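Remarks on the structure that follows.
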Amino acid sequence: MGIEGEETAVEQQRRPRILCLHGFRTSGEILKKQVLKWPDSVLRRVDLVFPDGPFPAEGKSDVEGIFDPPYFEWFQFNKEFTEYTNFDECLSYIEDVMIKQGPFDGLLGFSQGAILSAALPGLQAKGVALTKVPKIKLLIIIGGAKFKSPSVADNAYASPIQCPSLHFLGETDFLKPYGLELLESCADPIVVHHPKGHTIPRLDEKGLETAERFLDRIRDVLAEDEEH
């Protein structure tokens, strides 16, 4: 009975609708499988949408043999991650998804999707992306980093990322140093540390509590916004 009562209270308020951006050469379906391992107490607080990236994978995927194809990528980049191809097309594609399937309150991203998600509020604030959709109000960043190229970075991180953000940092993730760097560009980051590498972690008790608290806070903010 307790749980049902809890569910009703949670469901009475509008759940944040979140666009989920998958990792490089994976897919919306793969990210969905990974995220849906999280406990119900987190999942029932959110409304998640998992699109595929705009471009079919142009090379081998790291998840071959673990998850079935097809695999997609959001944009292409050089070895140093300083030059990006099809980046503007990627931004237009995301905006199009947000118009057709939204409105969205925020973004969840993993790996390439996390790097992209963390850059979008700043690009939106500068008027260079997502100009036709509502302002991004929250970020959930799993295995993220910053763009290196000044062509994107100068706009994306010109001022601190203002919306509340929840960051998952893996102890053995090769992107961890860059994920820590990203925190410095966020005005209001909340961090969940986990012992794994570059992956979507299961949530331990502490991580679960942090995620629930973050989402409850977001829900309250959205409720306040709707009242004004």
Side-chain angles (χ1 to χ4, degrees), residues 16-24 26 28 31 34-35 46 48-51 53-54 73-77 81-84 86-88 90-95 97-98 104-131 133-170 173-194 198-201 210-211 214-215 217-218 221:
R17 188 164 172 82
I18 299 175
L19 187 66
C20 304
L21 307 184
H22 62 74
F24 186 59
T26 66
L31 181 59
Q34 293 170 308
V35 169
V46 287
L48 304 174
V49 176
F50 297 86
E73 45 202 55
W74 294 101
F75 56 89
Q76 296 80 38
F77 46 91
F81 200 68
T82 51
E83 288 173 27
Y84 318 116
N86 292 318
F87 191 69
D88 289 340
C90 165
L91 297 179
S92 302
Y93 175 84
I94 290 172
E95 183 168 63
V97 171
M98 291 178 100
F104 288 94
D105 300 297
L107 302 166
L108 176 153
F110 171 61
S111 198
Q112 188 185 36
I115 295 168
L116 197 46
S117 295
L120 286 169
L123 296 176
Q124 188 183 43
K126 281 283 192 182
V128 293
L130 309 187
T131 55
V133 294
K135 191 175 161 196
I136 295 165
K137 300 184 189 80
L138 76 131
L139 292 175
I140 299 174
I141 303 296
I142 308 163
K146 288 164 76 167
F147 279 102
K148 290 181 183 174
S149 167
S151 65
V152 178
D154 288 354
N155 284 319
Y157 322 113
S159 53
I161 297 161
Q162 292 301 326
C163 63
S165 54
L166 178 65
H167 303 252
F168 290 86
L169 293 178
D173 187 347
F174 69 97
L175 280 183
K176 186 184 175 189
Y178 306 104
L180 288 167
E181 224 173 80
L182 174 62
L183 293 180
E184 293 167 18
S185 291
C186 297
D188 188 14
I190 305 283
V191 184
V192 172
H193 293 276
H194 65 87
H198 193 60
T199 186
I200 291 157
T210 306
F214 175 81
L215 292 171
R217 191 177 124 216
I218 294 295
V221 167

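Every value quoted in this text rests on a predicted model; they were computed, and no experiment measured them.
To the nearest 0.5 angstrom, L116 atom CG is 12.5 Å from F24 atom CZ. The structure places CD1 of I18 at 8.0 Å from CD1 of I218, a figure rounded to the nearest 0.5 Å. How far OG1 of T26 is from CH2 of W74: 9.0 Å, rounded to the nearest 0.5 Å. Distance CG/L108 to OG/S117: 7.0 Å, rounded to 0.5 Å. For the atom pair CG of D154 and NZ of K126, the computed distance is 9.0 Å after rounding to the nearest 0.5 Å. To the nearest 0.5 Å, atom CD of residue E83 and atom CZ of residue F75 are 13.0 Å apart.
Side-chain N or O atoms of E73 include none that pairs as donor or acceptor with a backbone N or O of G53 at under 3.5 Å. Under a 3.5 Å cut-off, the side chain of Q124 and the backbone N or O of P134 do form a donor-acceptor pair. A donor-acceptor pair under 3.5 Å is formed between the side chain of S92 and the backbone N or O of D88. Looking only at distances, a side-chain donor or acceptor of D105 sits under 3.5 Å from a matching main-chain atom of R17. Side-chain atoms of S111 never come within 3.5 Å of backbone atoms of G113 as a donor-acceptor pair (strictly under, hydrogens ignored). Here the side chain of H194 pairs no donor or acceptor atom with the backbone of F168 at under 3.5 angstrom.
Scanning all heavy atoms of the two residues, the minimum distance from I190 to F214 falls at CG1-CD1, 4.1 Å. Closest approach of A114 and I141 over heavy atoms only: O-CD1, 3.6 Å.
The shortest distance between side-chain heavy atoms of L91 and L130 does not fall below 4.5 Å.
In summary, the aromatic rings of F87 and F77 are positioned with their centroids too far apart to meet the 6.0 Å limit. Between H198 and F110, the ring center distance clears the sub-6.0 Å criterion.
Annotation: cation-pi geometry satisfied between K146 and Y157 (NZ/CZ under 6.0 angstrom from ring centroid, within 45° of ring axis).
The closest side-chain donor-acceptor pair between Q162 and D188, if any, does not fall under 3.5 angstrom.
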